[in-house]
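Working notes for the structure below.
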Amino acid sequence: MDAMWGVYDFLSTDDMWMYVAGAVVVIWMAVWFYLDSMEVDRINEKYVFVTGCDSGFGNMLCKRLDRKGFRVLAGCLTEKGADDLKRATGPYLKTCLLDITSTESIQKAFEWTKKEVGDKGLWGIVNNAGRSLPMGPSEWMTIDDYQSTLKVNMIGCIEMTINFLPLIKQARGRIVNVASVLGRVAANGGGYCISKFGVESFSDTLRRDIHYFGIKVCIIEPGFFKTQVTSLDPIERELTRLWNNLTPEVRASYGEKYLDKYIKMQRLIMNAVCDADLSKVTNCMEHALTSAYPRTRYSAGWDAKFVWIPLSYMPSCVVDIGLKLVLPRPAKSV
């Protein structure tokens, strides 16, 4: 009897809390997976507006949502993009021309959407449209270079959301904003990282402001994928343009071989990390629209999960050292 009580005492003091903690973790994971798998109903009655649908993530997402039964409203920058998308999808997908840098274009898209959705409201808006260029050393940029990117990636996202918010409130729907892992780690100069940090901040404050209305705000944080945004030819053309616009004094401070070294570094990074499977991103977007309990943040891609997101929690000096090892050294650096 004393031996049994001894075993009991041993388990109670050394093992019991470990077993309890393990049970809690297992139950929590089971509940999480169950809730994560639950979907909203009556998808065929729900309208979703997607921006930037000429190509890339937006184009693929529209096709997926159309096959799933959503009433898709696709904002395309060009008539060719709109026509190509309509030919590849069913009769319920509709397109409109949309330039998110134009207030007039956004307002026209809103009025068109308002007529399309009627009393049902807008279940979801996916702010996917974006641009990455120009991108490079900060000193090479002009204020116009910064503004050209910020107007699309950040101001356009904000203006679209604010204009369409009444329709989303009507449906108690979803706002899905596409940020980036570079909205967590600023690895490049230019407006891209700044704009994606802005999208992160806007999404966080918006989520906290409007959750009372039953609206979910989700952030997609893709890693590097093979799209027009990461295409090497435009990146190299923009770097060459920026370099050629520098004064002779600034070029001399970097050294005549710096541009070639920088371009080679970009090629190495893009070829090494860019993922061709765009469905990793569109899966996240689709889940944000269809899940009964969507996540606040979605990290898409192996590099996002295992490189950029962990790196964002590191001390700044660690990130600085890592980037210093990758980027070429200017000729006249200290």
* To do: Would you kindly confirm whether Leu206 and Trp123 end up in one hydrophobic cluster when ILVMFWY residues are joined by side chain heavy atoms under 4.5 Å apart?
  => no
* **Intermediate values then yes/no, salt bridge (Lys or Arg N to Asp or Glu O under 4.0 Å), Glu104 and Lys108** => CA-CA 6 Å; Glu104 181 182 2; Lys108 285 183 178 178; 3.5 Å; yes
* Between Arg295 (side chain) and Ala288 (backbone), is there a donor-acceptor pair under 3.5 Å? -> no
* **Distance-only side-chain donor-acceptor flag, Thr142 / Asp144, under 3.5 Å** => no
* Structure fact -> OH (Tyr258) and OG (Ser253) are apart, to the nearest 0.5 Å, by 9.5 Å
* Going by an N to O cut-off under 4.0 Å, is there a salt bridge joining Lys261 and Glu256? -> no
* Mind checking what makes ring-ring contact (aromatic ring centres under 6.0 Å, His included) contact with Trp308, not counting sequence neighbours? -> Phe224
* To do: Using atom types as modelled and distance alone, determine if a side-chain donor or acceptor of Ser102 lies under 3.5 Å from a backbone N or O of Ser105.
  => yes
* Which residues share a side-chain contact (heavy atoms from CB on, under 4.5 Å) with Lys63, sequence neighbours left out -> Asn59, Arg67, Leu85, Ala88, Thr89
* Asked: Would a 4.5 Å heavy-atom cut-off, applied to side chains only, mark Arg174 and Ile168 as touching?
  -> no
* Asked: Passes salt bridge (Lys or Arg N to Asp or Glu O under 4.0 Å), Glu159 versus Lys151? Steps please.
  -> CA-CA 10 Å; Glu159 190 169 3; Lys151 284 175 66 176; over 6 Å; no
* **By side chain to side chain donor-acceptor pair (under 3.5 Å) - contacts of Asp83 (at least two apart)** => none
* Asked: Partners of Trp112 by ring-ring contact (aromatic ring centres under 6.0 Å, His included), sequence neighbours excluded?
  -> none
* Asked: Would you say Val181 and Ile235 are hydrophobically clustered, going by side-chain heavy atoms of ILVMFWY under 4.5 Å?
  -> yes
* Asked: Quick one: ring-ring contact (aromatic ring centres under 6.0 Å, His included) partners of Tyr298, sequence neighbours excluded?
  -> His287
* Asked: In this structure, are over 12 heavy atoms from other groups packed under 6.0 Å from Glu79 atom CD?
  -> no
* Please round to the nearest 0.5 Å and tell me the distance separating atom CD of Glu139 and atom CG of Leu242. => 12.0 Å
* Does the pair Asp260/Lys257 count as a salt bridge with the N-to-O cut at 4.0 Å? -> no
* Hey, do the aromatic rings of Trp140 and Tyr254 have their centres closer than 6.0 Å? -> yes
* Counting distance only, does the side-chain N/O of Arg71 pair as donor-acceptor with the main-chain N or O of Asn44 below 3.5 Å? -> yes
* Asked: With a 4.0 Å cut-off, would you call Asp275 and Lys226 a salt bridge?
  -> no
* Asked: So, does Arg297 use its side chain to make a donor-acceptor pair with the main chain of Ile220 at under 3.5 Å?
  -> no
* Asked: Has the side chain of Asp145 got a donor or acceptor atom that lies under 3.5 Å from a matching backbone atom of Gly190?
  -> no
* So, Thr149 side chain and Leu133 main chain: donor-acceptor pair closer than 3.5 Å or not? -> yes
* Side chains of Val185 and Val307: closer than 4.5 Å at any heavy-atom pair? -> no
* Is Thr51 reaching over with its side chain to a backbone N or O of Ala129, donor-acceptor style, under 3.5 angstrom? -> yes
* Asked: Are side-chain N/O atoms of Asp99 and Thr101 paired as donor and acceptor at under 3.5 Å?
  -> yes
* Asked: Stepwise, does the salt bridge (Lys or Arg N to Asp or Glu O under 4.0 Å) test hold for Glu238 with Arg241?
  -> CA-CA 5 Å; Glu238 276 298 290; Arg241 179 188 69 82; 3.0 Å; yes
* Side-chain (Ser201) to main-chain (Gly198) donor-acceptor, under 3.5 angstrom -> no
* Asked: Any donor-acceptor pair under 3.5 Å linking the side chain of Asp66 with the backbone of Cys62?
  -> no
* Do Phe49 and Val72 come within less than 4.5 Å of each other through their side chains, counting heavy atoms only? -> no
* Is Ser132 reaching over with its side chain to a backbone N or O of Val229, donor-acceptor style, under 3.5 angstrom? -> yes
* Asked: Take atom NZ in Lys305; do more than 12 heavy atoms of anything else shown fall under 6.0 Å from it?
  -> yes
* To do: Mind running side-chain contact (heavy atoms from CB on, under 4.5 Å) on Thr230 and Phe225 for me, showing each step along the way?
  => CA-CA 7 Å; Thr230 57; Phe225 286 85; 5.8 Å; no
* List in chain and number order the residues that pass ring-ring contact (aromatic ring centres under 6.0 Å, His included) with Tyr192, two or more places apart in sequence or in another chain; answer none if no residue qualifies. => none
* **For the student: nearest non-hydrogen atoms of Cys76 and Cys53, plus distance** => SG-CB, 3.8 Å
* Salt bridge Arg42-Glu45, side-chain N to carboxylate O under 4.0 Å -> yes
* To do: Assess the side chains of Asn177 and Ser203: does a donor N or O sit below 3.5 Å from an acceptor N or O?
  => yes
* **Pair Lys80 + Asp84: basic N to acidic O under 4.0 Å** => yes
* Asked: So, for Tyr47 and Phe70, is the gap between ring centers shorter than 6.0 Å?
  -> no
